[in-house]
Structure formats: structure tokens, C-alpha cells
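Counting starts at 1 for both ligands and their atoms, following the listed order. The structure displayed is predicted, hence computed values, not measured ones. The analysis underlying the following values was restricted to heavy atoms, covering all of them including side chains, and did not include hydrogens, waters or symmetry mates.
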Amino acid sequence: MRLLEERILKDGTAVNEDILRVDTFINHQVDPELMQKCAKDFASHFKGMGITKIVTIESSGISPALLTAIEMGLKLVILKKQPSKVLNDDLYQTMITSFTKGTNYELTMSKGVISEKDHVLIIDDFLANGECATGAIRLIRMAHATIAGVGVLIEKNFQPGRSKLTDAGFEVYALARIESMSRDNIIFS
Ligand code: G4P
């Protein structure tokens, strides 16, 4: 999506070759008009696939996911992060390791928000190592639902997230795909 690429070039900052800061328009201050256009793009791409629910992971995925849910007329489920294992029979839980942030947490979903009748679209801000998305897929499968695909605003395709997902048979749709980056140059594929 050209608009998002242009915005990344204008307002994004490559902290180093791995990390892109998008704090002024995606994950600290949010540009709602840009997010709405991104949501329309997701909705148009995933239209007609029988999707019944949108799922995201707190916190930065919420704004694009909520607007996509509005565009598609669907409910949004926000997967929660818990610092340590809280045993609870009413929850599905799976451990996530964030390579980017160097943290571990339990990704958590209440039983009952997703059922075996659901066909789910996962929306998130970044696809990097694919840990969040594969964790979300594990939880959705625990609920015996099916997965229509994964939509992300920004994919860093020099990291293994996309191949982890596509190798497992999932469709990945990214609005901006970064091939490589350095402090003064961001190259899209
Ligand atoms: P994954 O997102 O593909 O699973 O990879 P990884 O485990 O490495 O990343 C975990 C967290 O780091 C995610 O945020 C993800 O959005 C964020 N992240 C990954 N790459 C970048 C980047 O280049 N720039 C920025 N700004 N963030 C990046 P999270 O832990 O889910 O937290 P939240 O920010 O959504 O609250």
C-alpha cells in the first residue's frame, strides 16, 4: 500500500537494521485516517472469504484491527498478555517469546469468545519473528476455529515471520513489506 510506505519513509525511523520506530502514526500516537485506509484495504483483500471474527494481540494491533472489524461488520477479539501462568479453566493460554522485546508472556483468550463455527482473520501491526501470530493461531485452534489469514501493517521480510506462517499454510497479507533498512534508508519489496 503506497500510502503506508510513503508515511513510513516520511515519519518512520529505522533505529538500526532490525527495528523500525512508528511511534508518531501507529503505536504510540495513532493516525486514525491512515488506520482507516489500512482497514479498508484489509477488508477489501479478505472480502468474501467467510470471515466471522477479527482477532488481534494487545496492544498495538488494536487500532488497525478495530477499524477492520468495523469495515467488515464483525466483532473483534483482543488476545491478552499475562506476565506469568495463571491457571484458570476458563482460559486458553500459550507461551510467547518476543525476540524483539526479550520478554516471555502467556497469550490468553477466554473460552467462549471464539467457537468451532468461527473463521478468523488475525490483524496485527508488525510481522517480525511471527511469534505473536503463531501464538494467536495456537489459541484459535484450541477453540477449534479455522484461520482465514493474517493481515499486518508492516512486514519485515528479512525476519522469519512470513515463512513460518506460509510454510504452515497460512495466507499473509502485508500492507508494507520492508526488504531491508538502515538509519538513512528503508527499502520496500
Ligand atoms: P512478532 O511480532 O512477529 O511475533 O515478533 P517479535 O516476537 O520479535 O516481536 C514482538 C513485539 O515487537 C511485538 O509487539 C511487535 O509488534 C514488536 N515489533 C517487532 N518488530 C518491531 C519493529 O521493527 N518496530 C516496532 N516498533 N515494534 C516491533 P508486542 O510485544 O506485541 O507489543 P505491542 O507493541 O503490540 O504492545
Side-chain donor/acceptor of [X] to backbone N/O of [Y], under 3.5 Å:
| X | Y | answer |
| --- | --- | --- |
| Arg162 | Lys156 | no |
| Gln82 | Thr108 | no |
| Thr56 | Ile123 | yes |

Using a plain distance cutoff, I'd like to know if [X] has any nitrogen or oxygen under 3.5 Å from a nitrogen or oxygen of ligand 1.
| X | value |
| --- | --- |
| Leu20 | yes |
| Gly130 | yes |
| Leu127 | no |
| Arg21 | no |
| Tyr105 | no |
| Gln159 | no |
| Ile57 | no |

Check ion pair Glu6-Arg2 (N to O, under 4.0 angstrom):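 Yes, charged N to carboxylate O under 4.0 Å.
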Contact check, Asp18 vs ligand 1, heavy-atom distance below 4.0 Å: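 Per 4.0 Å heavy-atom rule, Asp18 contacts ligand 1.
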Residues forming a side chain to side chain contact (heavy atoms under 4.5 Å, CB included) with Asn16, sequence neighbours excluded: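 For Asn16, the residues satisfying side chain to side chain contact (heavy atoms under 4.5 Å, CB included) (neighbours in sequence not counted) are Asp18, Ile19.
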Side chain to side chain contact (heavy atoms under 4.5 Å, CB included) partners of Asp11, counting only residues at least two apart: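 Checked Asp11 against side chain to side chain contact (heavy atoms under 4.5 Å, CB included); matches are Arg7, Thr24, Phe25.
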Residue and atom name of the nearest protein heavy atom (relative to [atom]), distance in Å to one decimal:
| atom | result |
| --- | --- |
| atom 36 (O) of ligand 1 | Ser59 OG, 2.7 Å |
| atom 9 (O) of ligand 1 | Thr100 OG1, 3.3 Å |
| atom 29 (P) of ligand 1 | Lys81 NZ, 3.2 Å |
| atom 16 (O) of ligand 1 | Asp125 OD1, 3.3 Å |
| atom 10 (C) of ligand 1 | Ser98 OG, 3.1 Å |
| atom 35 (O) of ligand 1 | Ser60 N, 3.0 Å |
| atom 2 (O) of ligand 1 | Cys132 SG, 3.8 Å |
| atom 15 (C) of ligand 1 | Phe126 CB, 4.1 Å |

Should we count [atom1] of [X] as having more than 12 external heavy atoms under 6.0 Å?
| X | atom1 | result |
| --- | --- | --- |
| Lys117 | NZ | no |
| Glu17 | CD | no |
| Lys164 | NZ | yes |

For ligand 1, which part of [X] has a heavy atom less than 4.0 Å away: the side chain, the backbone, both, or neither?
| X | value |
| --- | --- |
| Lys156 | side chain |
| Ile154 | neither |
| Asn27 | side chain |

Close-contact set for ligand 1 against Glu131 heavy atoms, below 4.0 Å: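 Here the atoms of ligand 1 in question are 1 (P), 3 (O), 4 (O), 7 (O).
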Which of the ligand 1 atoms, numbered from 1, are nearer than 4.0 Å to a heavy atom of Ala128: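 Result: 1 (P), 3 (O), 5 (O), 19 (C), 20 (N).
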Parallel, tilted or perpendicular: ring planes of Phe46 versus Tyr173, cut at 30 and 60 degrees: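 Rings of Phe46 and Tyr173: perpendicular, as their planes differ by over 60°.
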Test log, rule side chain to side chain contact (heavy atoms under 4.5 Å, CB included), inputs Ile57 and Ile78: CA-CA 5 Å; Ile57 301 110; Ile78 301 166; over 6 Å; no
Worked check of side-chain hydrogen bond (donor to acceptor under 3.5 Å, both in side chains) between His119 and Thr146: CA-CA 5 Å; His119 193 46; Thr146 52; 2.7 Å; yes
